[in-house]
*Asks:* 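Handing you this structure, nothing more for now.
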Amino acid sequence: MVDVNSLIDVKNGTQAKRIFWDADIYKLELEQIFGRCWLFLTHDSIIPNVGDFTVTFMGEDEVLVVRQRDGGVKAFLNYCTHRGARVVNAEAGNARGFTCTYHGWAYGLDGALESVPFEKEVYGNVLKKDTLGMKEVRVESYKGFWYGNFDHQAPSLADYLGDYRWFLDIWMDGTGGAELIGPPARSILKCNWKTPVENFVGDAYHVGWTHAASLKALGGPLSVLAGNKHLPPEGAGVQITSRHGHGVGILFNAAAALMGKEEGAMATQWYAENQPKVAKRLSEAQAKYYGSHFNASIFPNNSYLWGTNTFKVWHPRGPNQIEVFTWTIVEKNMPQALKDAVRRSMLRTFGTAGMLESDDSDNMESMTNLNRGPHIAAGVLNSQMGLGNEHEDPESSNIIGPSAIGETSYRGFYRAYREFLKAKDWDEIRANNGNWKNELLNR
Ligand code: UNU
Ligand code: FES
Ligand code: FE
């Protein structure tokens with residue numbers, strides 16, 4: 001039995017180290033977090049045509065996501081209802097239906113069991129085919145980004161994203177929409193799934209130090225941070241955390257900060273030209289953030305950097321391993337030359353062999369694997385930077401930490417993490433809607 005209260009201290013901003021290692025905690029996470037939260041599946045741009053499909057994971061469960069004949073999207077657990085073999089062995093493709101490799105049971109795009117070899121001869125009337133379709137998973141999309149949820153009591157995806165949409169809309173909608181370039185690259189890291197999530201949601205602190213060599217090699221505006229030569233000045237950025245632990249760290253006007261010289265100039269021009277359009281389409285307040293660098297996570301395991309334009313899911317593979325899926329984000333209306341430049345820059349920085357991806361991975365693996373030692377695993381993690389400095393953001397209604405570097409979004413992430421591990425169902429979580437800010441602000 002896991003004592004959740006002993007894991008996360010919200011008031012004090014600390015977490016027990018064993019959350020990165022313990023198998024019982026991991027099992028609880030699969031049930032209470034991955035079993036209830038909206039988990040990223042794919043984007044409209046990856047499966048545009050009828051019969052297009054992609055295979056991915058929701059927690060440890062493998063799912064098949066398929067574009068339907070009516071233009072909708074459905075998702076199914078990727079196992080055969082006969083003896084449980086995998087139905088689709090490809091990572092992605094286009095199909096008219098899906099046939100299990102084991103005995104040849106065949107399913108339609110809508111998951112219905114359509115045919116069984118020699119059904120009449122070998123089963124007679126025994127088989128209730130209409131109850132033996134592939135098991136369907138609830139899906140919803142926000143601006144073309146499809147997420148799945150195992151819990152029918154969960155709020156809609158839009159409500160789950162909540163006030164955090166104020167920030168998502170800036171890049172998902174501001175210039176007419178965003179899309180992902182796939183197929184996603186896949187890579188394995190030997191770390192707990194939360195180590196990259198917390199890094200992306202709230203860590204501008206490590207950039208000048210962990211990424212010193214990469215920043216120097218890449219050049220560009222962020223290179224002044226290399227080796228911690230400078231602290232970003234006051235007003236250089238903010239940190240945001242929201243109701244269900246989604247968060248973002250913002251470096252103002254630094255979107256193109258990791259792109260090469262000419263690529264960076266092209267991107268900077270795009271952001272400058274489009275800022276007035278964003279103001280018109282959304283609001284002046286949101287346009288103020290357009291062209292900033294966002295480092296962000298959507299609870300529980302979906303992260304993105306806007307500006308550096310990587311979009312990732314950190315799929316858990318046991319308590320001390322993950323499988324990373326990596327796409328490139330582009331705005332739909334960017335000229336093709338800029339889309340290509342953004343993709344090249346993403347591969348160089350946060351692709352599977354990207355310079356910054358490799359820098360980060362070493363930290364994430366050590367944070368995880370040191371906990372094989374019981375004395376180290378008994379320790380605590382500290383995320384107290386800026387504790388007490390945050391307040392409610394009058395523009396977006398989220399909680400805001402008013403500095404570029406700080407750990408507000410870490411604390412928000414782990415507040416939500418604790419809430420999910422403790423609550424017996426979504427009703428209990430909903431009952432806390434009016435109180436979560438007080439927990440974080442210590443009121
Ligand atoms: O590595 C990161 N999470 C990051 C990179 C954050 C801010 C700017 C660039
Ligand atoms: Fe932050 Fe070591 S200095 S983990
Ligand atoms: Fe990093």
Side-chain angles (χ1 to χ4, degrees), residues 13-15 17 19-20 167 171 189 191-192 194-228 230-232 236-240 247-260 264 267 289 291-298 302-312 314 324 326 329 342 345-346 348-371 376 379-386 401 403-410 413:
T14 57
Q15 304 85 30
K17 277 198 102 281
I19 62 170
F20 292 156
F167 288 97
W171 63 272
L189 292 179
C191 67
N192 182 271
K194 297 182 294 302
T195 60
V197 175
E198 63 165 45
N199 173 272
F200 274 64
V201 84
D203 207 316
Y205 189 34
H206 80 294
V207 177
W209 192 247
T210 288
H211 298 305
S214 298
L215 292 181
K216 267 193 187 157
L218 289 166
L222 271 192
S223 63
V224 301
L225 303 179
N228 280 347
H230 298 277
L231 178 71
V238 294
Q239 318 135 56
I240 299 288
V248 51
I250 291 164
L251 299 171
F252 286 121
N253 300 313
L258 292 175
M259 294 183 76
Y289 288 97
S292 298
H293 190 282
F294 285 17
N295 58 270
S297 296
I298 297 171
N302 176 200
S303 297
Y304 65 90
L305 302 174
W306 178 55
T308 310
N309 288 20
T310 188
F311 192 90
K312 291 177 182 273
W314 322 97
V324 189
T326 303
I329 305 171
V342 162
S345 160
M346 196 295 286
R348 206 156 50 224
T349 53
F350 284 96
T352 52
M355 294 165 70
L356 285 85
E357 180 83 352
S358 314
D359 297 336
D360 287 325
S361 309
D362 285 337
N363 294 327
M364 292 161 189
E365 295 194 351
S366 76
M367 289 161 72
T368 301
N369 289 294
L370 281 166
N371 297 308
I376 288 181
V380 291
L381 301 151
N382 186 296
S383 62
Q384 295 181 321
M385 198 191 305
S403 56
I405 295 185
E407 289 167 342
T408 298
S409 319
Y410 274 77
F413 175 85

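When a ligand or atom number is given, it counts from 1 through the structure's own listing order. As the structure is a computational prediction, the values presented were derived from the model and not from experiment.
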*Asks:* Say you draw a straight line from CE of M355 to OG1 of T349; how long is it, rounded to the nearest 0.5 Å?
*Replies:*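 One gets 9.0 Å once the value is rounded to the nearest 0.5 Å.
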
*Asks:* With a 4.5 Å heavy-atom cut-off, do T195 and W314 have their side chains touching?
*Replies:*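 In short, these two side chains do not touch, never coming nearer than 4.5 Å.
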
*Asks:* Does any donor atom in the side chain of T326 or K312 lie under 3.5 Å from an acceptor atom in the other side chain?
*Replies:*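 Yes - a donor-acceptor pair under 3.5 Å links their side chains.
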
*Asks:* Taking T408's backbone N and O only, do any of them form a donor-acceptor pair with Q239's side chain (distance below 3.5 Å, no angle check)?
*Replies:*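 Present.
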
*Asks:* From H211 NE2 over to L225 CG, what is the distance, rounded to the nearest 0.5 angstrom?
*Replies:*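 One gets 11.0 Å once the value is rounded to the nearest 0.5 Å.
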
*Asks:* Test side chain to side chain donor-acceptor pair (under 3.5 Å) on E357 and T352; report intermediate values, then the result.
*Replies:* CA-CA 7 Å; E357 180 83 352; T352 52; over 6 Å; no

*Asks:* Does one side chain, of H206 or D359, offer a donor that lies under 3.5 Å from an acceptor on the other?
*Replies:*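 The answer is no; no qualifying pair exists.
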
*Asks:* About how many Å separate OG1 of T210 and CG of N199, when rounded to the nearest 0.5 Å?
*Replies:*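 N199 CG to T210 OG1: 8.0 Å, rounded to 0.5 Å.
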
*Asks:* Please test F311 against N302 for side-chain contact (heavy atoms from CB on, under 4.5 Å), starting from the C-alpha separation and ending with a verdict.
*Replies:* CA-CA 8 Å; F311 192 90; N302 176 200; 3.5 Å; yes

*Asks:* Please name all residues satisfying side chain to side chain donor-acceptor pair (under 3.5 Å) with N253, sequence neighbours left out, ordered by chain then number.
*Replies:*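 With neighbours one apart ignored, the set is empty.
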
*Asks:* Quick one: ligand 1 N/O to protein N/O pairs below 3.5 Å?
*Replies:*
| residue | atom | partner | partner atom | Å |
| --- | --- | --- | --- | --- |
| ligand 1 | 1 (O) | H206 | NE2 | 3.3 |
| ligand 1 | 1 (O) | H211 | NE2 | 3.4 |

*Asks:* Looking at CE of M385 and OH of Y410, how far apart are the two atoms once the value is rounded to the nearest 0.5 Å?
*Replies:*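 Going from CE on M385 over to OH on Y410, the span is 8.0 Å.
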
*Asks:* Is any side-chain heavy atom of I250 closer than 4.5 Å to a side-chain heavy atom of W306?
*Replies:*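 Heavy-atom side-chain distance check fails, nothing below 4.5 Å.
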
*Asks:* Identify, chain by chain and in numerical order, each protein residue with a heavy atom under 4.0 Å from an atom of ligand 2.
*Replies:*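 Correct list: empty, no residue qualifies.
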
*Asks:* May I ask you to list the protein N, O or S atoms found at less than 2.8 Å from the Fe ion (ligand 3)?
*Replies:*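 Under 2.8 Å from the Fe ion (ligand 3) - ignoring waters, which are not counted - the protein N, O or S atoms are H206 NE2, H211 NE2, D360 OD1, D360 OD2.
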
*Asks:* Let's go through I329 and Y304 carefully: what are the C-alpha distance in whole Å and the side-chain angles of both, what is the deciding distance for side-chain contact (heavy atoms from CB on, under 4.5 Å) to 0.1 Å, and is it a yes or a no?
*Replies:* CA-CA 9 Å; I329 305 171; Y304 65 90; 4.0 Å; yes

